Structures are given as structure tokens and as C-alpha cells.
Protein chains: 2
Amino acid sequence: MSAVDTKVRILDAAELLFAERGFSDTSLRQITSRAEVNLASVNYHFGSKKELIRAVLSRYLEQFMPQLDTALVVVLEDPRQPVMEQVFEAFVGPLLALNRFRKNGTTLFLQLLGRGYTDVQGHLRWFLTTRYGVVIEHITQAVCRAYPQLPPPELFWRLHFTLGTAVFALASNRALREIAENDFGQHLDIEGVIRQVIPYIAAGVAAPLTTSKG
Amino acid sequence: MSAVDTKVRILDAAELLFAERGFSDTSLRQITSRAEVNLASVNYHFGSKKELIRAVLSRYLEQFMPQLDTALVVVLEDPRQPVMEQVFEAFVGPLLALNRFRKNGTTLFLQLLGRGYTDVQGHLRWFLTTRYGVVIEHITQAVCRAYPQLPPPELFWRLHFTLGTAVFALASNRALREIAENDFGQHLDIEGVIRQVIPYIAAGVAAPLTTSKG
DNA sequence: CACCTCTTCAAACGACCGTTTGAATCGTAT
DNA sequence: ATACGATTCAAACGGTCGTTTGAAGAGGTG
């Protein structure tokens with residue numbers, strides 16, 4: 001088995017287990033067992049568990065972030081004012097592209113985002129602030145174009161609420177889709193859930209300002 | 001030290017650590033060390049770590065859920081049709097009441113909710129389905145009164161998005177409040193954040209239906 | 001006082017963790 | 001064929017984990 005094969009097998013097994021059980025509830029022995037590689041190969045190829053976590057996150061972020069940024073720039077360079085839904089439609093293509101990059105890639109990515117977000121070590125925060133700050137900036141600008149009257153503090157809070165909505169809701173979509181199918185006979189794939197969440201998010205961010213201060 | 005004292009000291013220390021670091025990243029030795037009790041007392045008083053986790057969650061849920069249900073019943077028994085914001089205003093009182101029950105109780109509760117929600121073991125799901133199903137039902141009914149045209153599947157998804165928004169956003173509010181204070185000079189307490197999130201949630205749940213199916 | 005129950009305590013248990021080690025093996029260029 | 005760096009492997013390391021144990025302490029009752 002070639003060295004690159006081993007690295008990929010570890011990453012593939014690790015991302016499944018990390019997404020499902022979290023970083024610290026997944027042991028290197030579980031990973032190497034599922035990947036069918038030797039235990040020591042993780043430390044040989046990645047140095048430590050911490051760096052493996054970063055490699056798993058990085059593989060997705062490097063795929064997703066440039067595509068998202070491109071889609072956002074398209075919105076920003078259009079001279080017409082966008083409506084809020086258009087801004088969040090920019091996320092759909094890059095998110096779904098992850099499914100061609102890897103089976104269930106979209107869901108896995110969002111689950112990993114959720115894990116990285118609530119993680120104590122702050123792996124995700126490190127990536128977003130040091131490497132992809134410009135993308136965050138473009139998101140802010142695009143929302144600002146769609147809703148210029150929104151004051152910066154409200155914009156800040158609502159974008160954060162949106163991150164929570166998206167990650168939390170879409171990360172656990174598999175179990176929910178089963179419930180929805182049983183209770184309503186509604187068969188939805190991940191794209192269907194994304195299509196459901198966009199009106200919610202857009203309406204939330206575009207909500208009217210409360211004039212009173214209580 | 002009386003036995004009840006020891007139990008309370010363990011619960012108090014455990015909930016802080018659980019909220020901050022998660023359930024499995026918190027060891028019984030960390031808990032008993034902070035609580036200044038003997039290590040074995042956790043197993044003596046609670047049986048196991050798993051049951052301690054449930055006890056921590058239960059202490060909050062038993063305080064919160066009846067109050068929430070009462071507030072929801074008030075909305076439901078009012079013959080006038082509520083607007084969506086009124087439905088979610090029903091959450092404010094019970095949430096803030098936790099601050100009188102315990103220091104930073106509101107934030108701690110929401111952080112614990114987030115931990116319990118993403119946890120593999122499904123501690124939270126167990127409580128919500130077996131013990132507080134009627135409250136979930138009342139939430140659904142109240143939203144239904146405010147927006148009768150909303151079809152059940154959309155209602156289902158939007159309520160789930162809302163849970164994600166609330167838990168995810170409010171659970172990590174401390175760090176965000178500091179950022180908001182530095183960047184915008186905006187000093188917000190937890191009630192302020194709740195006041196910010198309600199228009200977002202209400203607008204999201206009340207979002208117009210997309211007529212097209214793609 | 002002795003007795004009994006509840007509680008605390010230090011110590012240890014076996015299991016699992018991430019990591020390291022040093023030898024074995026592989027692939028390839030000389 | 002031989003030599004050599006890259007990779008794999010089984011085994012072990014020290015450490016932490018949740019839990020258990022059996023003795024010691026506390027506090028009320030006869």
C-alpha cells in the first residue's frame with residue numbers, strides 16, 4: 001500500500017468517526033481499525049491526533065471556501081441590489097459540490113463544522129480567523145448589500161444566529177429526515193433540507209428592526 | 001458535611017465543567033476536585049457518570065419546563081390569534097428565571113442543552129421524548145395558532161431550525177458579547193441577546209412559503 | 001457506653017488512551 | 001544483488017479514565 005493511500009484511508013475513516021461521535025470520543029484505535037491501517041501510522045503521517053483533526057477539517061475547507069468565495073464575489077460584483085435569499089443561495093452550489101467530492105460530503109462537512117465549533121480546543125476558529133477571514137468579510141458585505149439599513153451590531157448577531165441554524169440543523173439532518181418521512185411521508189434529500197432552511201435564514205436575517213428598546 | 005451538601009456541590013461543579021468542556025471531556029476527578037469532595041462520592045451518590053449527567057440536566061429541565069409550559073398554555077388559552085413573536089416571548093420569562101435559580105443559569109442551561117443535543121449518548125433526547133413531550137406539543141400548537149397556513153412538514157423543519165438557532169447562538173453568547181462590545185461598544189447581557197434572537201426566530205418561522213418546488 | 005446506618009476516604013482495579021520504539025518490510029536507484 | 005530511505009508493524013510506555021473496595025469517620029438512638 002502506498003503512503004498516499006494510507007493517509008487518505010486514515011482521513012476517510014477519521015472524518016466519518018469524528019462527524020458521528022466527536023473528536024475526543026473517537027480514538028485513534030477506532031480510526032486505524034476502520035481504515036485497516038496500523039495504529040502508529042497516524043502519528044507517522046500526521047504527527048498527532050490534533051494535527052489529524054486539522055487535516056480532516058482542512059481537506060473540506062480547502063474544497064469549500066474558495067468555491068463559496070467565488071459565488072459571493074459574483075453576488076457582490078452584480079450592480080443590482082440582491083434580495084436576501086440570493087445571498088444565501090450562493091452557499092448552495094459549494095455545499096452540494098461536496099457531495100461529488102465525497103459521499104455524503106455535504107452532511108459530513110456540516111457535522112464536522114458543528115463539532116469543530118463546539119470543541120474546546122477551537123480548531124475551527126483557528127482556521128476561520130487565520131485563513132478564511134476574507135470569506136467571512138465577503139459574507140458580511142453581501143448581506144449588507146441586501147439590507148443596508150441593518151446596523152452592524154444586528155448584522156453581527158444575525159449572522160451568528162445563521163451559522164447556528166445552518167450547522168445545527170443540517171448537521172443532524174439524517175435522523176430528522178427519517179422522522180419527516182415517517183410522520184409526513186415527505187422524502188427529502190440534503191438538498192431538500194437546504195432548500196427548506198434558506199427561506200428561514202433569509203427571513204431571519206432580513207427581519208424588521210424592533211423600534212422599541214425593550 | 002451533610003450528604004445533601006455533597007450532592008449539591010457535585011452538581012454545581014459538574015454543570016459548570018460540563019457546560020464549558022462537554023460531558024466526556026470532563027472527568028470525575030476534575031469535578032470532585034473543584035467540588036472539594038472525594039472522588040468516590042460521585043458513584044456513591046449518583047451511581048455512575050452517566051446518571052450524574054442526567055441529574056445535571058434534570059435539575060434544569062425540572063425548573064424550566066413547567067414554567068415554559070405554563071407560559072405556552074397562557075398563549076394557547078387566549079382566544080385572540082397570537083403573532084409569532086408572542087409565541088417565542090413565552091420562552092423569555094422561564095429562561096431568565098434560571099438566572100435567579102442559579103448564577104448564569106440561563107447561559108448554563110442553554111450550553112448544557114447544546115452539549116446534550118450533540119452528544120452521542122442522546123441524554124437530552126431521552127428527556128424530551130419520555131418526560132416533556134407534552135411541552136413540545138404545546139410549542140407546536142402555539143406556532144400553529146400563529147401561522148395556521150404553515151403545513152406540518154414545514155412547521156417541523158422550522159421548529160428544528162429554531163432549536164438550533166437558539167441553542168447554538170445563545171450557548172456561546174459570552175465570547176460573542178465580548179466581540180460585540182469591542183467592535184461596536186454594545187454592552188449586552190443575556191437578556192439582550194435573547195431580545196435580539198426573538199425577531200430572527202419569529203421571522204424565520206413565519207417566513208412566507210415558497211410556491212415553487214425547486 | 002455500644003450499636004447501627006449513612007457517608008467519606010485513600011487506594012487500587014482493569015481498561016483504554018495517545019504516543020514512542022525498534023525491528024521488519026517495502027520500493028527503488030545504484 | 002545491494003544499499004538505503006520510506007513505510008509498516010507488534011509491542012510496549014506512561015498516563016488518565018470510571019469504577020470498586022474495605023476501612024475509617026460521623027451522628028443519632030437505645
Side-chain angles (χ1 to χ4, degrees), chain A residues 1-59 112 115-116 118-124 126, chain B residues 1-59 112 115-116 118-124 126:
Chain A
M1 187 188 311
S2 82
V4 49
D5 267 0
T6 302
K7 285 191 75 162
V8 171
R9 293 170 70 90
I10 292 172
L11 287 170
D12 289 350
E15 75 175 15
L16 284 173
L17 290 164
F18 284 157
E20 187 183 346
R21 319 167 61 85
F23 298 127
S24 58
D25 279 348
T26 301
S27 71
L28 296 185
R29 284 170 176 82
Q30 291 174 292
I31 294 170
T32 55
S33 168
R34 175 177 294 211
E36 297 180 78
V37 301
N38 187 271
L39 167 64
S41 56
V42 171
N43 291 81
Y44 177 78
H45 285 289
F46 295 95
S48 67
K49 182 179 181 180
K50 189 173 183 172
E51 291 173 77
L52 171 63
I53 294 172
R54 290 197 169 180
V56 168
L57 288 172
S58 178
R59 196 166 62 147
L112 290 170
R115 299 289 181 191
T118 55
D119 197 77
V120 193
Q121 309 252 48
H123 294 112
L124 184 60
W126 182 84
Chain B
M1 187 188 309
S2 82
V4 49
D5 268 359
T6 301
K7 285 190 76 162
V8 171
R9 293 171 70 91
I10 291 173
L11 286 171
D12 289 350
E15 74 174 17
L16 284 172
L17 290 163
F18 285 157
E20 187 183 345
R21 318 166 62 85
F23 298 128
S24 58
D25 280 349
T26 301
S27 71
L28 295 185
R29 285 170 177 82
Q30 290 175 292
I31 294 170
T32 54
S33 168
R34 177 177 293 211
E36 297 181 79
V37 302
N38 186 271
L39 168 63
S41 57
V42 171
N43 291 82
Y44 177 78
H45 285 288
F46 295 96
S48 66
K49 183 180 180 179
K50 189 173 183 171
E51 291 173 77
L52 171 62
I53 294 172
R54 290 198 170 180
V56 167
L57 287 173
S58 178
R59 194 167 61 149
L112 290 170
R115 299 289 181 190
T118 56
D119 197 77
V120 193
Q121 309 251 48
H123 297 293
L124 184 59
W126 182 84

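Note on naming: letters A, B, ... go to the chains in the order of the sequence lines (proteins, then strands), and numbering restarts at 1 for each one. Predicted model, so just to flag it, every value in this text is computed and none were measured. Because only heavy atoms are used, hydrogens play no part in the values below, and waters and symmetry mates are left out as well, while side chains stay in.
Listed nucleotides C/dT19, C/dT8, D/dC9 differ in distance to B/Thr6; the shortest reach to its side chain belongs to C/dT8. Comparing atom distances between the A/Asn43 side chain and each of C/dT20, C/dC6, D/dT19 picks out C/dT20 as nearest. Taking the side chain of A/Ser41 as heavy atoms from C-beta on, and the options C/dA12, C/dT21, D/dT8, the nearest nucleotide is D/dT8. Listed nucleotides: C/dT8, D/dT7, C/dT20. Nearest to the side chain of A/Tyr44: D/dT7. Distance from the side chain of B/Asn38 is smallest to C/dC9 among C/dT19, C/dC9, C/dA11.
Once rounded to the nearest 0.5 Å, the distance linking CG of A/Leu112 with CG of A/Leu16 reads 9.0 Å. Within the model, atoms CG of A/Leu52 and CZ of A/Phe18 stand 4.5 Å from one another, a figure rounded to the nearest 0.5 Å. Residue B/Ser58 holds its OG atom at 12.0 Å from CD of B/Glu51, rounded to the nearest 0.5 Å.
As a whole-Å value, the separation of B/Asp5 CG from D/dA26 P is 16 Å. For B/Arg29 and C/dA11, the CZ to P distance is 13 Å, given to the nearest whole Å. In this structure, the CG atom of B/Leu39 is 15 Å from the P atom of D/dT21, given to the nearest Å. Look at CD1 on A/Ile10: it is 13 Å from P on C/dG18, rounded to the nearest Å. Rounded to whole Å, the distance from CD on A/Gln30 to P on C/dA15 is 17 Å.
The side-chain heavy atoms of A/Asp12 and A/Arg59, taken from C-beta on, include a pair separated by under 4.5 Å.
What you find for B/Phe23 and B/Lys49 is that their closest heavy atoms are O-NZ, 3.1 Å.
Contacts with DNA chain D (heavy atom under 4.0 Å) in residues 15-28 of chain B: B/Thr26, B/Ser27, B/Leu28, listed by number. Contacts between residues 48-57 of chain B and DNA chain D, defined by a heavy-atom separation under 4.0 Å, are made by B/Ser48, B/Lys49.
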Can A/Thr6 and A/Asn38 be said to form a side-chain contact (heavy atoms from CB on, under 4.5 Å), step by step?
CA-CA 9 Å; A/Thr6 302; A/Asn38 187 271; over 6 Å; no
Quick one: do A/Asp25 and A/Arg115 satisfy salt bridge (Lys or Arg N to Asp or Glu O under 4.0 Å)? Show the steps, please.
CA-CA 11 Å; A/Asp25 279 348; A/Arg115 299 289 181 191; over 6 Å; no
With side-chain contact (heavy atoms from CB on, under 4.5 Å) as the criterion, how do A/Asp119 and A/Leu124 come out once you've worked through the C-alpha distance, each side chain's angles and the decisive distance to 0.1 Å?
CA-CA 8 Å; A/Asp119 197 77; A/Leu124 184 60; over 6 Å; no
Should B/Leu39 and B/Arg29 be marked as a side-chain contact (heavy atoms from CB on, under 4.5 Å) after you check the CA-CA gap, both sets of side-chain angles, and the distance that decides it?
CA-CA 6 Å; B/Leu39 168 63; B/Arg29 285 170 177 82; 3.8 Å; yes
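In terms of phosphate contacts, B/His45 brings no side-chain nitrogen or oxygen within less than 4.0 Å of OP1 or OP2 of C/dC6.
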